[in-house]
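Within every chain, numbering begins at 1; the chains are lettered A, B, ... in the order of the sequence lines, protein sequences first and strands thereafter.
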2 protein chains.
Amino acid sequence: MQRGTAQRRAILQALREAPGPLTAQELHELARADAEGLGLATVYRNLNELEREGRVVEVRLPGDARRYEPAGRGHHHHFRCVRCDTVFELELGCPLSMLEDVTLPGGLHVTGHELVLFGVCDACGGSASATRRDSVSGSA
Amino acid sequence: MQRGTAQRRAILQALREAPGPLTAQELHELARADAEGLGLATVYRNLNELEREGRVVEVRLPGDARRYEPAGRGHHHHFRCVRCDTVFELELGCPLSMLEDVTLPGGLHVTGHELVLFGVCDACGGSASATRRDSVSGSA
DNA sequence: ACCGTATCGAGAACGCGTTCTCATATCGCC
DNA sequence: GGCGATATGAGAACGCGTTCTCGATACGGT
């Protein structure tokens, strides 16, 4: 019956503050900062629960475990840094709105799409800066 | 060193004839038609070998096992039927050439992308989970 | 045709993400 | 504050894709 536990709050908090969707593992590490001793099973349990409640949505990227982000952020895509594997949510408008409800040659009826950009994030130094940010540090 | 076995030929043949990239499992079933008794381990072994030789390339789609397609087909994307899970290779030109080598706000330097379209293929018709109907309900 | 060796098939084993189990801790209503 | 119900943590267990093991098979140079 849906209780307000410190763990659940920490999990939602971490999801909201993240630059993009997180895996259960990442969430486990991040939310530990607020909920000491947080167990991985608890993370999974809460993610499933929150998804059923419609408060978070699952995001699947190629060759990667399930990721989750807060629900209600509308249509958008993601960027994955090939160095640190961090996934970022993109704010850009989607350049593929023409793919909403079309039928391609061959009878393929398109109803949705998924776009992922790959590259190097700022922290990993796109070309010059070697700024090294710890994506999993406990800085509140 | 590289022998010409019936199994290997059957595997390459199946990959060439497929409408899109195949998983090891799919390949196992398809190539069995030409190579009776083909083992799954053999499929994996050959895929890895063929990839090292540069004759096939790996394709990763969200929430799915590794897929493979013949190398040298140039830049293209894929379509996955949400009913039968078949993956098709798209012939369309890529509408995202502007994403070749740009830096997005936030310092995200884009070097590549991956686009997957979802929908219903011709064989599966377009009628069941319908929020919209496309009349192609035909035989199935 | 022969022989040495790469390949094969079947099944065990592995890796890893995810779920289950169960005893313990916690929440929140009375 | 007490109590029953729910959530938690640790680790075992699971599912599934992939790789390894090993005795048997078959390719291909001679």
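Of the candidates B/Arg32, B/Gln25, B/Glu26, B/Arg32 is the only one forming a side-chain hydrogen bond (donor to acceptor under 3.5 Å, both in side chains) with B/His28.
In this model, the phosphate group of C/dG17 is not approached by any side-chain N or O of A/Arg66 to a distance below 4.0 Å at OP1 or OP2. For the OP1/OP2 pair of D/dT8 and a distance below 4.0 Å, the side-chain nitrogens and oxygens of A/Thr5 include at least one atom meeting the criterion. For the OP1/OP2 pair of C/dG9 and a distance below 4.0 Å, the side-chain nitrogens and oxygens of B/Gln7 include at least one atom meeting the criterion.
With rounding to the nearest 0.5 angstrom, the CD atom of A/Glu114 is 10.5 Å from the CG atom of B/Leu61. Residue A/Leu47 holds its CG atom at 9.0 Å from CG of A/Leu22, rounded to the nearest 0.5 Å.
Nearest heavy-atom pair across A/Arg83 and A/Cys124 is NH1-O, 2.9 Å. For the residue pair A/His78 and A/Val59, the shortest heavy atom distance occurs at CE1-CG1, 3.7 Å.
Rounded to whole Å, atom P of D/dT8 lies 15 Å from atom CG of A/Asp34. Rounded to whole Å, the distance from CG on B/Leu40 to C1' on D/dT19 is 10 Å. In this structure, the CG atom of A/Asp64 is 14 Å from the P atom of C/dC16, given to the nearest Å. Taking atom CZ on A/Arg60 and atom P on C/dG17, their separation rounds to 11 Å, with Å as the unit. We find that CZ of B/Arg9 is positioned 13 Å from P of D/dA26, with the value rounded to whole Å. In this structure, CZ of B/Arg52 is placed 12 Å from P of D/dT19, rounded to the nearest angstrom. The interatomic distance linking B/His28 (NE2) with D/dT19 (P) rounds to 15 Å, in whole Å. Straight-line distance from the CZ atom of B/Arg32 to the C1' atom of C/dC8: 13 Å, rounded to whole Å.
Side-chain proximity of B/Arg3 to the nucleotides D/dA26, D/dA7, D/dT18 is greatest for D/dA26. Side-chain proximity of B/Ala24 to the nucleotides D/dG9, C/dT7, D/dT18 is greatest for D/dT18.
Using a cut-off of 4.0 Å between Lys/Arg side-chain N and Asp/Glu carboxylate O, A/Arg52 and A/Glu49 are scored as salt-bridged.
Ring geometry, B/His113 versus B/His75: the interplanar angle exceeds 60°, so the pair is classed perpendicular (tilted spans 30 to 60°).
DNA chain D is contacted by both B/Gly4 and B/Thr23; B/Thr23 maps to the nucleotide lying nearer its 5′ end (nearest heavy atom per residue).
Taking every heavy atom of residues 41-50 of chain A and every atom of DNA chain C, pairs under 4.0 Å involve A/Ala41, A/Tyr44, A/Arg45, A/Asn48, by number.
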